[in-house]
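Numbered from 1 within each chain, the chains take letters A, B, ... in sequence-line order. Source: prediction; values computed, not measured.
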2 protein chains.
Amino acid sequence: MVEPELTERRRQVLQAVLDDYIRTAGPVGSRVVAKRYPLGLSPATIRNTMADLEELGYLTQPHTSAGRVPTDQAYRFYVDSLLPGRERGHRASPPFSPRTEVESLMAEISQHLSVSSRLTGMVLAPPLRTTILERVELLALEGNRVLAVVVTESGWLTTKVLSVEPAIPPGELREFSRLLTDRFGGRTFESIQQWVERAGERPQDPDQAEDLARQVLAVVGERNLYLSGILNILDQPEFSDIQAMKDLLRTLEAKGRLVNLLTLHADSPGVQVLIGRENPYEELQDFSLVTSTYSAGNQVLGILGVVGPRRMPYDQIVSLVEETATLMGQWLRGLNEAERSRVRV
Amino acid sequence: MVEPELTERRRQVLQAVLDDYIRTAGPVGSRVVAKRYPLGLSPATIRNTMADLEELGYLTQPHTSAGRVPTDQAYRFYVDSLLPGRERGHRASPPFSPRTEVESLMAEISQHLSVSSRLTGMVLAPPLRTTILERVELLALEGNRVLAVVVTESGWLTTKVLSVEPAIPPGELREFSRLLTDRFGGRTFESIQQWVERAGERPQDPDQAEDLARQVLAVVGERNLYLSGILNILDQPEFSDIQAMKDLLRTLEAKGRLVNLLTLHADSPGVQVLIGRENPYEELQDFSLVTSTYSAGNQVLGILGVVGPRRMPYDQIVSLVEETATLMGQWLRGLNEAERSRVRV
DNA sequence: TTTAGCACTCCAAATGGGGGAGTGCTAATG
DNA sequence: CATTAGCACTCCCCCATTTGGAGTGCTAAA
C-alpha cells in the first residue's frame, strides 16, 4: 500500500502524463516522460511513480504492458488545481460585427467558442419565462393577420405573426397595442402564462387580449440552444469508433439532452467543468463540458461553453470560456442599459 | 461485340440488380437474382445477360469475381424510364402546423422531406433580389434604434434592427415609414439596390431614407438554404469510409456549394435528378440529388429536394419531391392571395 | 438457346508469428 | 535508502499467409 499523498514529484509526473496525453491521444510511457519533460528522473523512477499514481487512481493502463492513460480523477485534479488564482491571458477578443439582434449575437458567440477551441461551442439563451415583458406592438398585415413585436426588458426582441378573429380594424391597432402593454408590461412571461391559464376561472366575455397573449406565449417554449462546430468532433483521433461518434452527433443535433444537462448541472455561477463519467448521460460520458453562466448585473441569464473529448487543454479552454462569458455579460449589460433609456412611441 | 439493344430480358435483369442493390448496398450475384426474382431464368443465363449489360455500360464489377453493381448510367435509365406517366401515389400529406411565418414553413418542409425519405432534405428559399417590396414599417425601439419590418409582395416578412443617426423623433416614424414605402414599394430589391448604388452620383443633401435602405439591403445577401436530417447520411452502409463522410458533412454544413449547385443546375421547372458524376462537385459525386422547383402561379420561386447516396429508391423519392413541391406551391399561392387582399394601415 | 458443370479468380476473414514498446522486479550504486 | 541500470516478461499491433466462399466465364450437353 502506498501512502496516499500527492507529493511534488507525483504531481509533476502526473502533469507530464496529462500534457502528453492531451497532445498525442495515446498512452504515455515512462521513457517518453523522462525524455520530453526535464524532471531529472530516469525512466525507472518514473515507472515507480506511475505505479503509485495508478494505485492512487489517477492513471490506468489500457492493458498490462502499455503506457498510462489519465483517468477522470486525473483530469479533475488538473482542473481543480488550475481553477483558483489564474492570471488573465490576453486573448484577442472575437471580431463581433456591431449587430444589434440578440439572436445573432448568440450565434456569433457560439461560433467564436467553437473556432477558438476547435471544439463544439454552445450558448444557451436566457429562459424567457423569468424575463420581464416590456411592451407589445402590433402591426397590421393583411386580413386578420397581425405582426406582434414583443420587446423584453433585457433588450430581447421577438416577432410573431398572429391570427386575430375577428379582425381588428387597423385604426384600433395602436390602441390595442397600448392595452396589451398596459396589461402585461412589467410582468414575467411566467406570470402572464399563469394569468392566461387562470382565465378559464374568470367567466367573462371572450377576451381578445387573452387570445393574443396565448398565441404570443407559444414562442416561450424551450430555451434556445446555439451550437456550432459540431463537426469539429470528427477531427478527434479517438473516433475510430464510428458508432459512438454517430450517437454523439445525434445527441448534439437533438439538443434536448444538452439543454437538460446545462440547465440542471451548470446553473451555479462561474466556470464549471464536467468530466467524463461525472456526466449523467451515457452518450456524453466520453466527453467533457466546460461551461460558465453569463449574467448581466447580478442576474444569471444563461449558460455558454464548450463540449469536447475529455482529453482537452483545460487551462486554455477554461480561460476561453470564462473570458467569453465576461464579454457576453458586458455586451448584454450594455444592451440592457441602452434599452432602459427607452423612448415612448 | 454485343448488339446494343436493351431487350426486355436485359431490362428485367437490370431492374432486378437495381432493386437488390438499392436494398442491400452490396454487389448482386447471378444466383441471388435467379432466386429472388421470378424471371424463370437460371443463374447461367443471367450471368450471360449481366455480361451483356456490363458491356453496354449499365453494370460494373468491383473486382473480377464479385457480383455486379449498377453504374450511373443504370440509375439514369431507371430514373428516365419512371419519370413519364407515373400515377400519383396518395401520400399522407405532412402534418404542418398552421403557422404563418414563411421561414418556419421552409424549415418544416425540409424536415418533412428528410423524415419521409430518411435522407437529407433541402429547401432553397426564393431569391430576394427579384422579389418585389411591398411596404416598410418602422417601429421605435429606444435611442436611435428602430425595428424595420419589411413585407414583400410574395408574403415574405423580414425584420431588422436599424441604427438611425440622427434619431428620428417618434412622432415622425409613421410618416417616415410611408415615405419609404412610397419610394421603394413595388420595386424589386435588385432595383432598390441599384438605386442606392447610383446614389453617389446624385450629389444631394444626405438622405436618411437612403441610409436606411442600405441597412435593410444588407439582409438581401445569399439565398437561405434549409437543410435537415444531415445525419441520416450516417446510416448509409457505404460509409465505412470515414473520410469521405467527413468531407460530405462539411460540404453540407457549409451550404455554399450546395446553393451554387442548386441555383446553377436545378433551375429548370419540374423534377430533376442528378446522379453521381453528373454532379460537378467532387465531394458530392458519390451522391444523387433529386430536386424540383416550386412556384406560385407561373413564377418559379425556389428549389427543394433531397440528397442521398446514389443507391436510392428513385421512384419513391421522385414522387415525394414532386408532391412536396406541389404542396409548397399551393401553400405559397394561398399565402400570396391572402396577402394581395391587403389592408392599409 | 438455355443450362449444368467445372475450373478459376479474388476478396475477406481467420490464423500465426515476429517486432517493439512498455512494464515490474531485482540487484547494484551513489 | 532512494535511485537507477539491467533484464525478463507481457501483450498489442502489424504483417504475411492461409483458407473458405461467393461469383464468374467458359464449355459442353440438353
Report task. With a 4.0 Å heavy-atom cut-off, tell me which residues in residues 63-74 of chain A come close to DNA chain D, sorted by residue number. Result ->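 Here the set is A:His63, A:Thr64, A:Ser65.
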
Report task. Identify, with sequence neighbours excluded, every residue that meets salt bridge (Lys or Arg N to Asp or Glu O under 4.0 Å) alongside B:Arg31. Result -> none

Under a 4.5 Å cut-off applied to non-hydrogen side-chain atoms, are [X] and [Y] in contact?
X        : Y        : value
A:Arg9   : A:Leu41  : yes
A:Val318 : A:Val273 : yes
A:Ile22  : A:Tyr78  : yes
B:Leu289 : B:His265 : no
B:Leu113 : B:Thr120 : no
B:Val290 : B:Met312 : yes
B:Thr49  : B:Thr7   : no

Query - Side-chain N,O (A:Arg9) to OP1/OP2 (D:dT3) below 4.0 Å - result: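 Checking D:dT3 against A:Arg9, a side-chain N or O does come within under 4.0 Å of OP1 or OP2.
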
Report task. Give a yes/no on whether any side-chain N or O of A:Thr45 is located under 4.0 angstrom from OP1 or OP2 of D:dT4. Result -> yes

Can you measure [X] atom [atom1] to [N] atom [atom2] for me and round it to whole angstrom units?
X       : N      : atom1 : atom2 : value
A:Asn48 : D:dA5  : CG    : P     : 13 Å
A:Gln61 : D:dC12 : CD    : C1'   : 13 Å
A:Arg31 : D:dT4  : CZ    : C1'   : 14 Å
A:Met50 : D:dT3  : CE    : C1'   : 17 Å

Query raised in the report: Quick one: how far along DNA chain C does chain B reach, first to last nucleotide 5' to 3', anything under 4.0 Å to a heavy atom?
Result: C:dT2 to C:dC11

